[in-house]
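Below, read A as the first sequence line, B as the second, and so on, with proteins coming before strands; counting in each chain starts at 1.
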There are 2 protein chains.
Amino acid sequence: MVEEQDERILTELQKNGRATNQELAEAVGMSTSACWRRVRGLEESGVISGYSALVERERAGFATSAILHVSLERHDAKFVDEFVARVKRRSEVLECFATTGDADYHLRVVVRDMHAYNQFLDEFMFRVPGIRYVRTNMILKEIKTGVALPFDTRRPRKD
Amino acid sequence: MVEEQDERILTELQKNGRATNQELAEAVGMSTSACWRRVRGLEESGVISGYSALVERERAGFATSAILHVSLERHDAKFVDEFVARVKRRSEVLECFATTGDADYHLRVVVRDMHAYNQFLDEFMFRVPGIRYVRTNMILKEIKTGVALPFDTRRPRKD
DNA sequence: GTGGTTCTTGGTAGAATGTACCAAACGGAG
DNA sequence: CTCCGTTTGGTACATTCTACCAAGAACCAC
């Protein structure tokens, strides 16, 4: 189980994934060794699945991004699995969620420019079998792009 | 400008944000000092905006998440700014994008359980002034949740 | 309460790494 | 070619990591 001390570590490591163990220990108020062991535990148990540099999309040359609503014609395992497998392979698709509502899937796609987006649709999206529709919502502005889980919200009573 | 060597560094640091400088230098094929200076440059120029631990949502106790489509009644700066400011303050809102299409905004919200989601709507979303509608699409399954920009895609010709 | 077991803690030291310097190599411009 | 600015690889000191230790806390059965 992830307890309160772990949550403080996670909060800190989400803010600064390259914090030294010493900084981290200081920030959460424990000894370096206790802290280090907890971090290791979180990594080994898979609570922390990795670390990543956060790169500014536009500065890195990716001017265009969009949210796609996708719906499938049929929902047999065959079509669903094929769709999922293809989505996982395409690096332009940063996120993909199966959702309730009109569309079956919400995707977020990031590309270098509009030409690349058109190409993405032509070469990839429109070729996936069994798709009913793909609706593109271009992203006009990124208000917020966070990865940090909200550990500051109240925990449910555990009773 | 971000050139090819930088892209290799970014690719690597997106995969492993805690790679040691030595590992990194080896992976991208340069000396440790050259590599270190480039990383520093990317950080100082803001291409790398930070580092973060990636935490498994469900293992960390956040069972519920949703994508919200939000549309505003009016689009005066007054209402827009208020909405944006409020969204930025709420840690449950991991992502928020202004988009084309029916909804003005797409948000991704993560909470501990359904009760917390209901509370989020009641206490926050439904109290923002000037909102036309909020449509909730519960996330049934996370197919993919990536943060790495697709540097493996073809760069536009620079001419 | 006591005793025993288990889990967690803080301290420490050798190994590994980061970071700032150097002089050398490179690449254009004239 | 020579000059000048930029980027490179190497090195050394300071910092940090990481695996051990024994001591302390928490728990349970009795």
Query raised in the report: Taking the inter-plane angle between the rings of B:H69 and A:H69 on a 0 to 90° scale, is it parallel (under 30°), tilted (30 to 60°) or perpendicular (over 60°)?
Result: parallel
Query raised in the report: Regarding B:T64 and B:D113, is there a side-chain donor-to-acceptor distance under 3.5 Å anywhere?
Result: no
Requested in this report: Can you tell me the distance, in whole Å, between the CD1 atom of A:I9 and the C1' atom of C:dT9?
Outcome: 13 Å
Query raised in the report: Does a sphere of radius 6.0 Å around CD in A:E82 hold more than 12 heavy atoms from other residues, nucleotides or ligands, not counting ones at 6.0 Å or beyond?
Result: yes
Query raised in the report: Any chance CD of B:E44 has more than 12 other-residue heavy atoms, nucleotides or ligands included, within less than 6.0 Å?
Result: yes
Query - From B:Q14 atom CD to B:E7 atom CD, the distance as rounded to the nearest 0.5 Å - result: 10.0 Å
Report task. Verify the cluster assignment for B:L149 and B:V39: are they in a single hydrophobic cluster under the rule of side-chain heavy atoms below 4.5 Å apart? Result -> yes
**Report entry** Spacing of B:L24 atom CG relative to D:dG9 atom P, expressed in whole Å
**Finding:** 13 Å
Query - Bend angle of the helix from C:dG1-D:dC30 to C:dG30-D:dC1, end axes from five pairs each (to 10°) - result: 40°
Report task. Classify the angle between the aromatic ring planes of A:F124 and A:F120 as parallel (below 30°), tilted (30 to 60°) or perpendicular (above 60°). Result -> tilted
Report task. Assign a letter to each nucleotide of nucleotides 16-25 of chain D from its 5' end: B, base within under 4.0 Å of a protein heavy atom; S, sugar-phosphate only; -, no contact. Result -> SSBB------
Query raised in the report: CG of B:D102: more than 12 outside heavy atoms within 6.0 angstrom?
Result: no
